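Note that the structure is predicted; figures quoted are calculated from it, not measured. First the proteins, then the strands, lettered A, B, ... as listed; each starts at 1.
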There are 2 protein chains.
Amino acid sequence: MILKSQVEWALHCCAILAGLPDGRYLSTKALAEFHGLPKEYLSKALQGLSQAGLVDTSLGPSGGYRLAKPPAELTFLEIVEAVEGRQRTFVCTNIRANNPCRPKDHCESSPCAVARIMWEADEAWRAKLRGVKLSDLVGILSQEVAPELWKSSFEWVLERAG
Amino acid sequence: MILKSQVEWALHCCAILAGLPDGRYLSTKALAEFHGLPKEYLSKALQGLSQAGLVDTSLGPSGGYRLAKPPAELTFLEIVEAVEGRQRTFVCTNIRANNPCRPKDHCESSPCAVARIMWEADEAWRAKLRGVKLSDLVGILSQEVAPELWKSSFEWVLERAG
DNA sequence: TAAATAAGGATATCCTTTGTCCTTGATAGG
DNA sequence: CCTATCAAGGACAAAGGATATCCTTATTTA
Ligand code: SF4
Ligand code: SF4
């Protein structure tokens, strides 16, 4: 069970978009080039962000993506779910229904304890991601990334932001 | 990102094995029949439990599986990891290394903030599973499963336990 | 008008999961 | 000792999802 690599891509892209000046857009092409990713496939991840309403888009030259809300209001969970989907990581195939001792008319209405426990763990994972804002990430990165690299990356992006 | 169905199978099988009298074994055949699962494929999941040291095995007629330790000392996490593996759900492909602004001699030693945050969420999931014992599950099931079904299932198992 | 862009459909490739089949070596019971 | 039964595991096939590419369409900006 491994998350799609698109999750990593989307998070990185959002971190970049968070540094974009108001009203400007950054294209898929620029984001793909900056991260060394296949443009067409990265596009699918960005479309996921768009469909989830996390980013705004603009067409034509100088078009691209920008965040739909401030980084402080955008959580990791939203980004992860936009790309990875909202389905729980544990799915019940209801194998208890195959119990040979089970009467024909027997019908369990609610999910069994196994599923509930696994779903609680799933929710703990989501709660952790829900508690981290995109602005938190930017704050950490701004402290950890080497200043000259931080600056040159910012300028690289600005040159290409429409 | 969805857990293997074998995780559900292994948890159910452990719950059954937890009710086995001391010193007796239950075969793959019986476990597969009880849950309505393909015997050969369920065998792979049970081999995972065996390799992780969670169950003891015995060969020959009246052989099979039994728990290697009391249900109160067996956690959900152990069972899940025995089948699903211990790899983290978020893997870093280090796309930051593709940054065109990155100097040739630049070398990030430690994982970046994105990975650390995702790994913290992963650990929250594991911590939740680590906190649930197999005995907890048996306790809940013994209260929730209809008494007559519980009893007949127990007898069904006992008839086939070697 | 022309170039650039997002959106998305179609398709191909690779890998994981799921599932089956068979062999091997060990063991209990007769 | 003999035989049926068992776990272990290798080989292999089918199905589905992830990854990746290519192309078309509608839209917008310069
Ligand atoms: S364990 Fe939960 S999920 Fe699996 S069958 Fe029983 S109820 Fe369904
Ligand atoms: S985000 Fe974390 S995982 Fe992804 S590249 Fe940067 S460091 Fe590696």
Asker: Nearest 0.5 angstrom please: Cys13(A) SG to Gln6(A) CD, how far?
Answerer: 10.0 Å
Asker: Between P on dT5(C) and CG on Asp56(A), what's the gap in Å once rounded to a whole number?
Answerer: 18 Å
Asker: Starting at CZ of Arg160(A) and ending at C1' of dT5(C), how long is that distance when rounded to a whole Å?
Answerer: 17 Å
Asker: Is any side-chain heavy atom of Val7(B) closer than 4.5 Å to one of Met1(A)?
Answerer: no
Asker: Would you mind telling me which of dA7(D), dA6(C), dG9(D) lies closest to the side-chain atoms of Tyr65(A)?
Answerer: dA6(C)
Asker: Determine: side-chain N/O of Ser50(B) to OP1/OP2 of dA8(D), distance under 4.0 Å, yes or no.
Answerer: yes
Asker: Going by an N to O cut-off under 4.0 Å, is there a salt bridge joining Glu84(B) and Lys4(B)?
Answerer: no
Asker: Could you check how far CD of Gln47(B) sits from P of dT23(C), rounded to whole Å?
Answerer: 17 Å
Asker: Between Gly63(B) and Gly60(A), which residue's closest nucleotide on DNA chain C lies nearer the 5′ terminus?
Answerer: Gly60(A)
Asker: Check Lys69(B), Arg130(B), Lys133(B) against Glu78(B) for a salt bridge (Lys or Arg N to Asp or Glu O under 4.0 Å) and give me the one that passes.
Answerer: Lys69(B)
Asker: Are Thr57(A) and dA7(C) close enough that a side-chain N or O sits under 4.0 Å from OP1 or OP2?
Answerer: yes
Asker: May I have the distance from Arg66(A) (atom CZ) to dA6(C) (atom P), rounded to whole angstrom?
Answerer: 13 Å
Asker: Check whether any side-chain N or O of Ser62(A) sits under 4.0 Å from OP1 or OP2 of dT29(D), and answer yes or no.
Answerer: no
Asker: Hey, does the side chain of Gln51(B) come within less than 4.0 Å of dG9(D)'s phosphate (OP1/OP2), counting only N and O?
Answerer: yes
Asker: Parallel, tilted or perpendicular: which one describes the rings of Trp156(B) and Phe34(B), with boundaries at 30° and 60°?
Answerer: tilted
Asker: Just so I know, are the side chains of Leu17(B) and Leu134(B) near enough to count as touching, which here means a heavy-atom distance under 4.5 Å?
Answerer: no
Asker: Tell me the interatomic distance from Leu26(B), atom CG, to dT5(D), atom C1', rounded to whole angstroms.
Answerer: 14 Å
Asker: How does protein reach along nucleotides 11-20 of chain C, written 5' to 3' as B (base within reach of a heavy atom under 4.0 Å), S (only sugar-phosphate), or - (no contact)?
Answerer: ------SBBB
Asker: In whole angstrom, give the distance that lies between atom CG of Leu59(B) and atom C1' of dG25(C).
Answerer: 8 Å
Asker: For residues Ser43(B) and Gln47(B), is any side-chain donor paired with an opposing acceptor at under 3.5 Å?
Answerer: yes
Asker: Without decimals, in angstroms, what is the distance between Gln87(A) CD and dG16(D) P?
Answerer: 15 Å
Asker: Using whole Å, report how far NZ of Lys29(A) lies from P of dA7(C).
Answerer: 18 Å
Asker: When you check the phosphate oxygens OP1 and OP2 of dA6(C), does a side-chain N or O of Thr28(A) lie under 4.0 Å from one of them?
Answerer: yes
